[in-house]
Amino acid sequence: MLLTKLSRQKPNPLELLLTRHLSNPSKLHDRYSFKPPPCLSPNPQDPNPNPDHIPKKKQKPQYRPPSSLDRTGQKPIHSDLPFDFRYSYTESNPAVRPIGLREPKYSPFGPGRIDREWIGVCAPAVDSKVRSVEGVEEDPKLEEKRRRRREKVQGEPLSPAERKILVEKCQRPKTKRQINLGRDGLTHNMLNDIHNHWKFDEAVRIKCIGVPTVDMKNVCNQLEDKTFGKIIHRHGGVLVLYRGRNYNPKKRPVIPLMLWKPHEPVYPKLIKTTIDGLSIAETKEMRKRGSAVPALTKLAKNGYYGSLVSMVRDAFLCCELIRIDCQGFEKSDYKKIGCKLRDLVPCILVTFEKEQIVVWRGKDYKPPEDGYFLPDRELFDSPEGDLGSGAEACDKSESDGNSSLEEFSS
């Protein structure tokens, strides 16, 4: 209503007259010899007619969002880490050669970001003068380099009192800092996360869950080998990784980050049409029997499976077929578990149908002599303590295996 009233009001005649005079400066000049200022003239004249004095306004460059792929004029990143760069160091076996690739050989580090060539599986640490890295195997001297570098960073071993203090600092009530190691295992970018934690604390807590915990010894070895640190405490899947006495955060190694997860290569099939040494009819009959066998255990999703290998070994003493219930798992997860069991027990994979892992001990089964596996808890009180030594650890693993066997037989 107010706008309607204002629009209906008649304009002031004085304002109209003034507007007409100002809009026509020629009449003002003829009658009153008045020249309006440039600000009132409809076409203001340029006070600086000379084009040389006109300041040119610089145009801002068009905004471009930051991108890690834009490396124009930059040199490739060089890293002196003495090992091949892989997406996962615990879930890939360098000894097993794939039979094909699922994608072209695009480097997950980005085009031209590192001075290593991506061959579809890894970026080998070879001499830059080598033109092709297809048939190049890992240099045997790299392991010796890693060992010397780790000894240099570690320095003198910790005393029991120092270990106890560091372990207490890393407990859950004391700190919330933690690195989670999941289904992909120890990934390449996780190495950078560990060094970032070592900026503030001498030790970092790492929680391992899921598929990699089937082989905890491999997880511990890879962590120490790739980070040059030392595991000073382990309780189940929780580790405490110490950086070393001579560690300097300002001289940390250069770790280029992977920008995306590469596709896994194609490996040979785990389950064959016929099991070696059996006919087609015997293979079908064994798969039917394996599906009807009572489950040895039901695995919880994202759980800790450190005692699974010892359970299967003990169960093979009285049964030739073992079934493990993996309902609710991803297909790739229980396939990886079956592959680890095949290599660690060892055994023969029968089927993965209906989210079940069925394994067979074979015709001429002999229990392995190396019955030691990591116990449930390790304190590392002695400076010479290692992951594979200690009579107490062996006794603990044997008692765990006997208890699991009694549970299965009952």
Side-chain angles (χ1 to χ4, degrees), residues 90-102 121 183 210-215 217-218 264-301 303 305-373 401-402 404-410:
T90 58
E91 304 307 299
S92 60
N93 188 1
V96 179
R97 300 288 296 179
I99 59 176
L101 300 176
R102 301 181 189 273
V121 181
R183 66 171 59 177
V211 179
T213 59
V214 176
D215 190 4
K217 185 178 289 186
N218 179 41
E264 293 184 0
V266 182
Y267 290 99
K269 288 185 177 182
L270 294 175
I271 304 296
K272 299 181 180 180
T273 307
T274 57
I275 300 174
D276 295 339
L278 299 180
S279 62
I280 297 178
E282 291 174 340
T283 302
K284 290 182 179 180
E285 181 64 25
M286 182 166 291
R287 284 173 181 162
K288 286 183 180 180
R289 287 171 49 204
S291 301
V293 168
L296 172 66
T297 182
K298 178 175 171 52
L299 299 181
K301 193 173 182 180
Y305 318 132
S307 60
L308 183 61
V309 174
S310 59
M311 288 176 63
V312 175
R313 283 185 173 184
D314 295 340
F316 273 154
L317 298 176
C318 46
C319 299
E320 64 173 356
L321 280 173
I322 300 298
R323 180 171 68 89
I324 302 170
D325 191 357
C326 301
Q327 286 188 356
F329 279 55
E330 297 286 341
K331 189 175 182 180
S332 59
D333 288 351
Y334 58 76
K335 282 190 173 183
K336 288 180 181 178
I337 294 175
C339 184
K340 290 177 182 291
L341 292 176
R342 180 195 63 182
D343 298 334
L344 297 174
V345 173
C347 57
I348 300 173
L349 296 173
V350 177
T351 182
F352 288 133
E353 292 181 357
K354 299 179 181 180
E355 299 180 349
Q356 309 291 314
I357 301 176
V358 179
V359 293
W360 179 45
R361 66 183 183 184
K363 291 183 178 180
D364 302 327
Y365 176 74
K366 294 182 180 179
E369 297 178 358
D370 55 335
Y372 168 75
F373 269 82
N402 295 334
S404 62
L405 178 60
E406 292 174 0
E407 178 183 358
F408 174 73
S409 58
S410 61

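Starting from 1, each residue takes its place in the sequence as its number.
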**Message:** For the backbone of Ala292 and the side chain of Arg323, can you confirm whether one donor and one acceptor N or O come within less than 3.5 Å of each other?
**Reply:** no
What side-chain donor-acceptor pairs closer than 3.5 Å can you find for residues 340-347, not counting sequence neighbours?
none

d(Ser92 OG, Glu264 CD) to nearest 0.5 Å is 9.5 Å
Can you tell if the side chain of Ile322 reaches within under 4.5 Å of the side chain of Val293, non-hydrogen atoms only?
-> no
Residue set satisfying side-chain contact (heavy atoms from CB on, under 4.5 Å) with Val266, at least two apart, ordered chain then number -> Ile99, Arg102
Residues pairing under ring-ring contact (aromatic ring centres under 6.0 Å, His included) where one sits in residues 269-290, two or more places apart or in two chains, turn out to be none
What donor-acceptor contacts under 3.5 angstrom involve side-chain atoms of residues 271-281, with partners at least two apart or in another chain?
| from | atom 1 | to | atom 2 | distance (Å) |
| --- | --- | --- | --- | --- |
| Ser279 | OG | Glu282 | N | 3.4 |

Rounding to 0.5 Å, atoms CD1 (Ile337) and OG1 (Thr213) come to a distance of 7.5 Å
Listing, residues 325-335 side-chain donor-acceptor contacts under 3.5 Å, not counting sequence neighbours, or none:
| from | atom 1 | to | atom 2 | distance (Å) |
| --- | --- | --- | --- | --- |
| Asp325 | OD1 | Gln327 | N | 3.2 |
| Asp325 | OD1 | Gln356 | NE2 | 2.9 |
| Asp333 | OD2 | Arg183 | NH2 | 3.4 |

Minimal heavy-atom distance between Thr90 and Asn218, with the atoms involved, is O-ND2, 3.3 Å
Between Pro265 and Val121 the two heavy atoms that sit nearest each other are CG-CG2, 4.2 Å
One should read off an interatomic distance between Thr351 OG1 and Lys288 NZ, to the nearest 0.5 angstrom, of 13.0 Å
I'd like to know if the side chain of Tyr305 reaches the main chain of Gly303, judged simply by a donor and an acceptor atom lying under 3.5 Å from each other, with no hydrogens or angles considered. yes
When rounded to the nearest 0.5 Å, the distance separating CZ of Arg361 from CG of Leu321 is 9.0 Å
Sorted by chain and residue number, the side-chain contact (heavy atoms from CB on, under 4.5 Å) partners of Pro367 (sequence neighbours excluded) come out as Leu317, Tyr365
